[in-house]
Amino acid sequence: MDSYLNQNFDLKSKHSSDEALEKWRTVVGFVKNPKRRFRFTANLSKRYEAAAMRRTNQEKLRIAVLVSKAAFQFISGVQPSDYVVPEQVIAAGFQLCADELGSIVEGHDVKKLKFHGGVSGIAEKLSTSTNTGLSSDAALLSKRQEIYGINKFAEPEAKGFWVFVWEALQDMTLMILGACAIVSLVVGIAMEGWPAGAHDGLGIVASILLVVFVTATSDYRQSLQFKDLDKEKKKITIQVTRNDCRQKLSIYDLLPGDIVHLNIGDQVPADGLFVSGFSVLIDESSLTGESEPVVVNDKNPFMLSGTKLQDGSCKMLVTTVGMRTQWGKLMATLSEGGDDETPLQVKLNGVATIIGKVGLFFAVVTFAVMVQGLLRSKLQEGTIWSWSGDEALKLLEFFAVAVTIVVVAVPEGLPLAVTLSLAFAMKKMMNDKALVRHLAACETMGSATGICSDKTGTLTTNRMTVVKSCICMSVKEINSTNKASFCSEIHESAIKLLLQSIFMNTGGEIVTSKDGRREILGTPTETALLEFGLSLGGDPQTERQASKTVKVEPFNSTKKRMGVVLELPGGGLRAHTKGASEIVLAGCDKVIDSNGEVVPLDEKSINHLNATINEFANEALRTLCLAYLELKNGFSSDNAIPVSGYTCLGIVGIKDPVRPGVKESVAICRTAGITVRMVTGDNINTAKAIARECGILTDDGIAIEGPDFREKSQEELLKLIPKIQVIARSSPMDKHTLVKQLRTTFDEVVAVTGDGTNDAPALHEADIGLAMGIAGTEVAKESADVIILDDNFSTILTVAKWGRSVYINIQKFVQFQLTVNIVALIVNFSSACLTGSAPLTAVQLLWVNMIMDTLGALALATEPPTDELMKRAPVGRKGNFISNVMWRNIFGQSFYQLMVIWYLQARGKAMFELDGPDSTLKLNTLIFNSFVFCQHNAADIFTVGPKRGDRVLQHADRCCFEAGPSMKPICLDFVKNIKEALMSLLVM
């Protein structure tokens with residue numbers, strides 16, 4: 001079976017091709033209810049539609065860019081437009097309608113933009129300010145919303161309960177049984193009258209309705225869980241200016257006229273126009289499929305919803321929102337496409353296909369055997385051409401039994417049980433601060449053999465403070481008591497340069513919140529530096545007013561530095577840079593000494609500074625070097641900021657404590673067979689100190705720097721990678737290379753953490769991408785499979801535990817369902833062949849089907865994880881889903897149940913002293929109850945294991961007590977014997 005499943009139903013955990021998704025759909029054979037079976041699979045036709053829309057967008061934008069380039073040459077000859085403002089828009093206080101705004105940005109229409117007065121003119125016509133933003137007055141915002149719409153895309157309406165009832169009724173076998181029930185009712189009432197002749201027909205109808213309503217209830221509740229999870233996925237906030245205050249706002253509350261602040265890694269939340277910013281590069285591939293980034297500036301100010309900031313930062317004026325944007329239309333189509341099905345869902349569809357074909361064969365043979373028995377009897381009696389109503393009903397019953405065998409044998413519940421288990425796990429993980437974006441991540445995480453983790457924010461608290469510094473060649477500790485003396489001991493000119501560097505060369509910002517309090521926005525590193533600058537008495541507003549920013553190069557994890565060029569009040573240009581200490585220091589040839597004078601950086605000074613860097617790093621401090629350079633007047637904003645010739649201002653050491661519980665979590669991972677590796681941009685000594693504190697770096701492990709790692713040959717990597725536990729000073733591609741090697745060469749199942757835009761390739765490459773919810777950019781979150789909402793490594797361990805739980809729970813359910821299928825098929829088939837009738841009727845088999853598909857799934861597929869799960873080895877990439885132990889349990893249980901039922905069939909009447917005309921009916925009832933009782937105990941065994949046999953016997957005692965005083969002793973003795981046989985079989 002495994003080879004067949006791997007050949008036809010093998011799917012990647014993510015990024016599966018359309019061909020692979022199409023392949024298993026074509027292989028799937030007999031399906032009772034396609035609407036239900038394929039409810040949680042991707043709608044490929046909608047995906048093809050979205051791909052076509054992207055191609056159309058790409059062509060539209062290409063034409064728009066060409067037209068806008070041509071328009072620049074004739075811009076002076078712009079003629080007055082024939083645009084007329086609608087009265088409704090004028091009445092609301094605006095001078096531009098939504099359609100006109102949409103045509104300007106989406107069409108890159110330079111002429112229209114010029115005619116309306118450029119970006120400032122558009123802002124004025126939208127009754128907003130590029131400095132203070134919109135007013136927060138509710139009435140004004142409501143009026144604006146009426147004219148321009150909301151920033152949401154159209155989604156299909158949620159299905160109501162009765163829709164699920166209707167879909168459950170689409171089961172082909174249930175419809176056939178319903179037709180049989182109607183015929184049975186008609187013939188029965190005609191033969192025996194009401195109500196005697198209606199018992200069988202009404203019994204089937206009641207069973208069908210019970211199955212339908214229980215199934216619909218389960219599916220409806222499941223849909224509500226997914227709806228809640230979808231709401232959590234869409235909680236995205238953005239920084240905006242309203243009422244002259246910076247504040248966080250949901251992207252769904254944005255309106256035309258809002259001023260949005262975007263940084264590297266952010267997704268553009270609506271169509272808009274560039275107001276101001278530096279070095280903005282836009283990735284439009286999500287909208288157009290075009291991988292080449294687009295430069296956005298004053299000359300090309302058009303920004304489209306759904307695109308991402310690959311570099312730089314800017315302010316944007318929102319112009320068009322929601323379904324008026326191409327992104328809104330694309331997302332509306334994609335939302336109907338759905339998520340990819342998970343590998344387990346596909347594999348269990350394969351299992352269901354195999355069993356379905358076997359069941360269909362057995363059903364046809366069983367029907368043929370029973371009909372042959374009836375025909376032979378009539379031939380012997382010579383009544384082959386004479387049929388009574390009872391004989392017609394018997395023939396109908398045979399057909400109903402055959403159809404019901406198909407109902408039970410085709411395990412529609414198998415793939416759906418995966419979805420049920422995943423939905424349950426996702427809901428619970430949400431409570432444990434892990435938001436699952438893709439279903440497959442739950443089950444894949446259970447197979448993880450390695451975790452490549454960031455340091456900052458994941459292993460550490462991400463609450464940073466400057467605790468040490470080396471300014472003017474003097475090393476000092478920084479605390480709340482010595483800050484005044486710190487300033488007095490350092491030359492005034494050096495302090496001025498330091499404050500200018502801190503406040504002007506930063507990706508953070510100090511703003512005033514709604515309640516008037518000062519608030520620092522930015523990364524924890526930037527926040528720590530800005531707090532340090534404020535503690536030294538610096539005034540960011542004064543610094544910003546004193547000089548003009550000419551050029552900004554934001555921090556880049558490849559360059560590991562950032563820079564800014566300032567135009568000074570007295571004339572002249574000055575560049576500031578900061579970044580990885582050894583990299584920035586290597587670009588310095590001068591230093592400020594203890595007298596505040598600039599002196600050459602000699603060997604003694606270099607050794608002193610390098611020793612300081614190592615000292616800080618060995619204390620697990622993040623080190624940054626700050627430097628400046630006086631530029632010549634010939635510098636242009638089109639030029640790159642120089643990387644050498646700088647004067648070293650100093651080095652700061654930033655403390656980021658290790659999170660509580662990380663060391664224990666790493667130890668549990670090691671016990672569970674999961675290797676934890678740390679990949680960080682920090683100094684090698686800082687990385688090693690943190691890794692040892694976390695328990696990641698062991699005596700036999702290797703810590704290596706990114707540049708050294710990149711220089712290794714493939715042969716060297718094969719020997720090195722199994723021992724690597726830390727990569728320091730890594731680039732984004734180092735993480736990507738490590739993950740790719742682990743997956744392809746060493747066949748590991750790898751989870752990767754990341755929070756930045758540059759982590760996207762590694763998150764995409766990994767089996768499970770884990771993005772940080774607090775520090776992560778939108779690009780990182782979009783590339784991830786799971787978002788760790790509290791940025792805590794311990795939460796990753798929880799995700800792994802839930803992943804293993806899902807895998808084990810589905811294995812339990814598969815054992816249970818296959819056991820029931822095997823026993824039901826063989827019992828009815830063998831009885832039909834030997835006696836000419838089936839002991840399990842259509843109504844009884846429908847009841848069993850309901851237990852399996854719904855109640856069994858709820859019981860077995862939704863068990864919470866235990867700590868014992870993390871004491872097992874991971875399944876890995878090539879583990880067989882149906883293991884040898886599972887086959888042993890399935891066949892062991894099936895053998896035991898068949899022995900019980902066959903014994904009851906052969907000796908039941910004598911054993912329980914049954915006689916009289918209704919003895920066969922009583923015996924069949926006893927057989928059915930024994931069959932159901934066996935399934936209950938099988939589920940219990942698969943859930944709790946052989947050690948809990950006493951609990952099983954307690955269930956047996958209770959059932960025997962209910963059997964009545966005359967049969968109780970026989971029943972107890974009988975059940976005890978079969979239980980002892982069962983337990984001995986399972987512990988073999």
Next item on the list: Apply side-chain contact (heavy atoms from CB on, under 4.5 Å) to L789 and M772, showing your working.
Entry: CA-CA 6 Å; L789 298 175; M772 299 300 105; over 6 Å; no

Next item on the list: Dump the intermediate steps for side-chain contact (heavy atoms from CB on, under 4.5 Å) on M870 and I674, then the final yes or no.
Entry: CA-CA 9 Å; M870 300 309 289; I674 301 172; 4.2 Å; yes

Item checked: Evaluation steps, side-chain contact (heavy atoms from CB on, under 4.5 Å), between I927 and N929 -> CA-CA 6 Å; I927 288 172; N929 280 285; over 6 Å; no

Next item on the list: Would you sort out whether V165 and W162 count as a side-chain contact (heavy atoms from CB on, under 4.5 Å), showing the intermediate values?
Entry: CA-CA 5 Å; V165 171; W162 293 106; 3.9 Å; yes

Notebook entry, point to check: Can you list the steps and then say if S665 with S794 is a side chain to side chain donor-acceptor pair (under 3.5 Å)?
Noted result: CA-CA 6 Å; S665 296; S794 300; 3.0 Å; yes

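Here the side chains of V676 and F793 are in contact, with some heavy-atom distance below 4.5 Å. Inter-residue side-chain proximity for F161 and W166 is flagged as unmet; no heavy-atom pair is nearer than 4.5 Å. In this structure the side chain of T795 reaches within 4.5 angstrom of the side chain of N792, judged on heavy atoms. Taking the side chain as every heavy atom from C-beta outward, V658 and K663 never approach each other to under 4.5 Å. Between W802 and M445, every side-chain heavy-atom pair lies at or beyond the 4.5 Å cut-off. Contact check for F424 versus N809: no side-chain heavy atoms found under the 4.5 Å cut-off. Inter-residue side-chain proximity for F895 and V900 is flagged as unmet; no heavy-atom pair is nearer than 4.5 Å. Considering only heavy atoms from C-beta on, V814 comes within 4.5 Å of M886 through its side chain.
In this structure, Q811 has no side chain to side chain donor-acceptor pair (under 3.5 Å) partners at least two apart in sequence or on a different chain.
Applying side chain to side chain contact (heavy atoms under 4.5 Å, CB included) to I788 and the options I796, D755, L435, T458 leaves one that passes, I796. Applying side chain to side chain contact (heavy atoms under 4.5 Å, CB included) to T753 and the options L770, V786, L459 leaves one that passes, L770.
Salt bridge D867/K801: present, at least one basic N to carboxylate O contact under 4.0 Å. At a threshold of 4.0 Å, the pair E748-R743 does not count as salt-bridged, since none of the basic side-chain nitrogens sits closer than that to a carboxylate oxygen.
For the residue pair Q815/N889, the side-chain donor-acceptor check at 3.5 Å is satisfied. Side-chain atoms of D432 and T798 form no donor-acceptor pair, as typed in the model, at a separation below 3.5 Å.
Judged by distance alone, with hydrogens and angles left aside, the side-chain atoms of R659 form a donor-acceptor pair with the main-chain N or O of D791 at under 3.5 Å. Without hydrogens or angle criteria, R437 side chain to A784 main chain gives a donor-acceptor distance under 3.5 Å. At least one donor-acceptor pair closer than 3.5 Å links the side chain of D785 to the backbone N or O of G769. With hydrogens and angles ignored, the 3.5 Å screen pairs a side-chain donor or acceptor of R804 with a backbone N or O of L869. For the pair T449 (side chain) and V750 (backbone), a donor-acceptor distance under 3.5 Å is absent.
The distance from the CG atom of L224 to the NZ atom of K427 is 9.0 Å, given to the nearest 0.5 Å. One distance of note links CD1 of I768 with NE2 of H438; it measures 13.0 Å at 0.5 Å rounding. To the nearest 0.5 Å, the span separating CG on L904 from CZ on F931 amounts to 13.0 Å. In this structure, I822 CD1 and S894 OG are separated by 4.0 Å, a value rounded to the nearest 0.5 Å. The CG atom of L898 sits 10.5 Å away from the CD atom of Q893 when rounded to the nearest 0.5 Å.
When all heavy atoms of G754 and L763 are compared, the closest pair comes out as N-CD2, 3.9 Å. Nearest heavy atom pair, residue F164 against residue K159, reads CE1-CB, 3.6 Å. The two residues S805 and P864 come nearest to each other via the heavy atoms OG-C, 3.8 Å. Summarising the geometry of A766 relative to V739, their closest heavy-atom pair is CA-CG1, 3.7 Å, with the distance given to 0.1 Å. Pairing each heavy atom of L422 with each of C442, the nearest pair is CD2-CB, 3.3 Å.
More than 12 non-hydrogen atoms from other residues, nucleotides or ligands lie less than 6.0 angstrom from CZ of R670. Remark: N884 CG is loosely packed, at most 12 non-hydrogen atoms of other residues, nucleotides or ligands lying under 6.0 Å away.
Ring planes of F816 and F813: tilted class, angle from 30 to 60°.
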